[in-house]
Amino acid sequence: VTRPGAARRVVLDTSAVLAYAAGSMHEPVLVAGEDGDYVAVPMMCLIEAARRDPAVDLCELLHAGQVVTVVPDRHTDAGLIADWTIFLNGREDAAAAAALAYRHTAGLRTREPDLYTVAGHRPDWVIPIDGAW
Amino acid sequence: MAEQPEDVIAVERERIRADYRTQQARVAAIPAETREAELRTVREVAAARRRSAA
């Protein structure tokens, strides 16, 4: 993922995509745009969001200029995503988000923060949508 | 004088901006060693599960 001039990144997982569609994530995405950050959404999270809620409207999210959709590079990220998928008990969508956050030293916004617990500790790069740390 | 709705919205937006920037700064400050250690744990758990499933 590249976007000239963007020094920082934010990743949205499936739960964050659904939260955005429900209207509760607009401000942080707007601020990301103001700050020149880009908001990366794995394609697998978009698919999972649509699977969970077939009526979900993703148009507004996908038309925001700071939002980029990401398809994993199967040459470099396949092993990383496979490991995360096994670790997360088959949640390939969450694995794609975690791998993306890891690759780009980004924060991951989610409504399922405990899903990403590693060794009994929620990583600091996992940011609950309600803002609590 | 009562606070106007526009003022409330502006205050809330400023709070969200401040929260966002604090969170981004905290993420940026995570040592690379911490992320690497977390990933090592993920890979070790995945490898153990693969072995047990084999």
Side-chain angles (χ1 to χ4, degrees), chain A residues 6-11 24-39 66 77 79-91 94-95 98-99 101-110 113 116-133, chain B:
Chain A
R8 298 186 300 182
R9 296 100 176 169
V10 178
V11 175
S24 63
M25 268 288 290
H26 287 210
E27 294 289 349
V29 171
L30 281 173
V31 176
E34 286 175 7
D35 284 6
D37 298 345
Y38 68 74
V39 178
Q66 66 273 41
D77 287 342
L80 182 62
I81 292 175
D83 284 344
W84 271 106
T85 300
I86 294 169
F87 182 80
L88 296 174
N89 300 309
R91 284 287 304 274
Y102 176 80
R103 276 276 183 251
H104 295 277
T105 59
L108 168 65
R109 292 199 172 239
T110 179
Y116 301 94
T117 297
V118 177
H121 166 74
R122 191 172 75 209
D124 286 342
W125 47 270
V126 175
I127 304 168
I129 284 174
D130 64 6
W133 283 82
Chain B
M1 189 185 343
E3 213 170 10
Q4 296 300 305
E6 295 80 11
D7 296 332
V8 174
I9 291 168
V11 167
E12 177 63 7
R13 285 215 166 134
E14 201 47 51
R15 185 192 66 75
I16 290 168
R17 276 192 194 96
D19 283 353
Y20 175 85
R21 286 165 187 160
T22 299
Q23 290 161 352
Q24 287 294 88
R26 287 187 63 163
V27 169
I30 299 170
E33 296 79 15
T34 301
R35 283 189 183 254
E36 286 162 12
E38 289 164 352
L39 184 60
R40 200 159 43 245
T41 299
V42 167
R43 291 200 141 139
E44 286 168 0
V45 169
R49 288 181 183 171
R50 281 194 183 96
R51 280 194 299 274
S52 67

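Everything quoted here is computed from the prediction, not taken from an experiment. Numbered from 1 within each chain, the chains take letters A, B, ... in sequence-line order.
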* To do: Using the side-chain hydrogen bond (donor to acceptor under 3.5 Å, both in side chains) rule, take A:D35 and B:Y20 through it: C-alpha gap first, then chi angles, then the decisive distance, then the call.
  => CA-CA 10 Å; A:D35 284 6; B:Y20 175 85; 5.5 Å; no

* Which region of A:A32, side chain (C-beta onward) or backbone (N, CA, C, O), has a non-hydrogen atom less than 4.5 Å from a non-hydrogen atom of chain B, or is it both or neither? -> both

* Asked: At what distance, to the nearest 0.5 angstrom, does CG of A:D124 lie from OG1 of B:T34?
  -> 8.0 Å

* **Euclidean distance, B:E12 CD relative to A:E27 CD, rounded to 0.5 Å** => 7.5 Å

* Asked: If you tally heavy-atom pairs under 4.5 Å against chain B, which of A:G79, A:A119, A:A98, A:P123 wins?
  -> A:P123

* Working to the nearest 0.5 Å, report the span between CD of B:E38 and CZ of A:F87. => 9.5 Å

* Asked: Counting heavy-atom pairs under 4.5 Å to chain A, which of B:R49, B:R35, B:R17 comes out on top?
  -> B:R35

* With a 4.5 Å heavy-atom cut-off, do A:Y102 and B:E36 have their side chains touching? -> yes

* Does a sphere of radius 6.0 Å around CZ in B:R13 hold more than 12 heavy atoms from other residues, nucleotides or ligands, not counting ones at 6.0 Å or beyond? -> no

* Asked: Between atom NE2 of A:H121 and atom OG1 of B:T41, what is the distance when rounded to the nearest 0.5 Å?
  -> 10.5 Å

* To do: Can you see which heavy atom on B:V42 is nearest to which on A:W84, and at what distance?
  => CG2-CH2, 3.6 Å

* **Side chains of B:R50 and A:D83 in contact at under 4.5 Å (non-hydrogen atoms)** => yes

* Given a strict heavy-atom distance threshold of 4.5 Å, which part of A:L80 is in contact with chain B: side chain, backbone, both, or neither? -> both

* Asked: Would you call A:D37 and B:R21 a salt bridge, taking side-chain N to carboxylate O under 4.0 Å as the test?
  -> no

